[in-house]
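Positions are given from 1, in the same order as the sequence printed here.
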Amino acid sequence: QVQLVESGGGLVQAGESLRLSCAASFRTFGDYAMGWFRQVPGKEREFVAAISRTAATTAYADSVKGRFTISRDNAKKVYLQMNSLKPEDTAVYYCAAKTGMKATVRYEYAYWGQGTQVTVSS
């Protein structure tokens, strides 16, 4: 059974950093492009970052470009390094997976984690 488990969320002050991790249980991790999304209450889940199956290419939302970095390793993990955090980054962050090419649209992702809360105080 496919499982994605996020960790690393927490409460930080503006300007600080956090690193989120997502552990995947796929048999062949390299078959899946991975993404990070976030959601605040009352709003749609929005795209944050995505990485291709081979890690050759990445994509970022404009709001996080230059501050966040997505990466993946051979241990079936994907990471989101978040620097210079702002209060508007406060959200539940979700890891997601899809076969084929990376995507920025949440409907293309078939597998989701349970989410991890990130709170940035001003």
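The two residues G30 and R53 make their nearest non-hydrogen contact at O-CB, 3.2 Å. Pairing each heavy atom of A14 with each of S122, the nearest pair is CB-CA, 4.4 Å. The two residues A50 and A103 have their closest heavy-atom pair at CB-O, 3.5 Å.
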Please step through side chain to side chain contact (heavy atoms under 4.5 Å, CB included) for the pair I51 and K102, ending with a clear verdict. CA-CA 6 Å; I51 189 165; K102 71 181 188 296; 5.8 Å; no

For a ring-ring contact (aromatic ring centres under 6.0 Å, His included) check, start with the C-alpha distance between Y111 and F26, then their side-chain angles and the critical distance, and finish with the verdict. CA-CA 11 Å; Y111 305 101; F26 305 118; 5.7 Å; yes

S25 and K76: side-chain hydrogen bond (donor to acceptor under 3.5 Å, both in side chains), yes or no, with the steps? CA-CA 7 Å; S25 64; K76 300 186 180 183; over 6 Å; no

Worked check of side chain to side chain contact (heavy atoms under 4.5 Å, CB included) between E16 and S121: CA-CA 10 Å; E16 293 184 341; S121 64; over 6 Å; no

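In this structure, the side chain of T116 engages the main chain of G9 through a donor-acceptor pair within 3.5 Å. At distances below 3.5 Å, at least one donor-acceptor pair connects side-chain atoms of E6 with backbone N or O atoms of Q114. The closest donor-acceptor contact from the side chain of R45 to the backbone of Q39 lies at 3.5 Å or more, if one exists at all. A donor-acceptor pair under 3.5 Å links the side-chain atoms of R72 to the main chain of S52, judged by distance alone.
Around the CG atom of N74, the shell of radius 6.0 Å holds no more than 12 heavy atoms that belong to other residues, nucleotides or ligands. For K65, the NZ atom is densely surrounded, since the number of other residues' heavy atoms within 6.0 Å is greater than 12.
Ring pair F37/Y94: centre-to-centre distance not below 6.0 Å.
Between K86 and D89 there is no salt bridge, since no side-chain nitrogen of the basic residue lies less than 4.0 Å from a carboxylate oxygen of the acidic one. Salt bridge status for E46 with R106: absent, with no side-chain N to carboxylate O gap under 4.0 Å.
One hydrophobic cluster, built from ILVMFWY side chains closer than 4.5 Å, cannot hold both F47 and M82; they sit in different ones. When hydrophobic clusters are built by joining Ile, Leu, Val, Met, Phe, Trp and Tyr residues whose side-chain heavy atoms come closer than 4.5 Å, directly or via intermediates, L20 is grouped together with F68. Transitive grouping of hydrophobic side chains (ILVMFWY, heavy atoms separated by less than 4.5 Å) keeps V92 and V12 in distinct clusters. Clustering ILVMFWY residues whenever any of their side-chain heavy atoms sit less than 4.5 angstrom apart, transitively, puts Y79 in a cluster other than the one holding Y93. One hydrophobic cluster, built from ILVMFWY side chains closer than 4.5 Å, holds both W36 and Y60.
To the nearest 0.5 Å, atom CG of residue N83 and atom CD of residue Q81 are 4.5 Å apart. A distance of 10.5 Å separates CZ of R19 from OG1 of T69, quoted to the nearest 0.5 Å. Taken from OG1 in T58 to CD1 in I70, the straight-line distance is 7.5 Å, to the nearest 0.5 Å. With rounding to the nearest 0.5 angstrom, the CG atom of L80 is 9.5 Å from the CZ atom of R38. The distance from atom CD of E108 to atom CE of M101, rounded to the nearest 0.5 Å, is 9.5 Å. Between the CG atom in L4 and the OH atom in Y109 there is a gap of 11.5 Å [rounded to 0.5 Å].
In the model, T90 has no side-chain atom that pairs as donor or acceptor with a side-chain atom of E88 under 3.5 Å.
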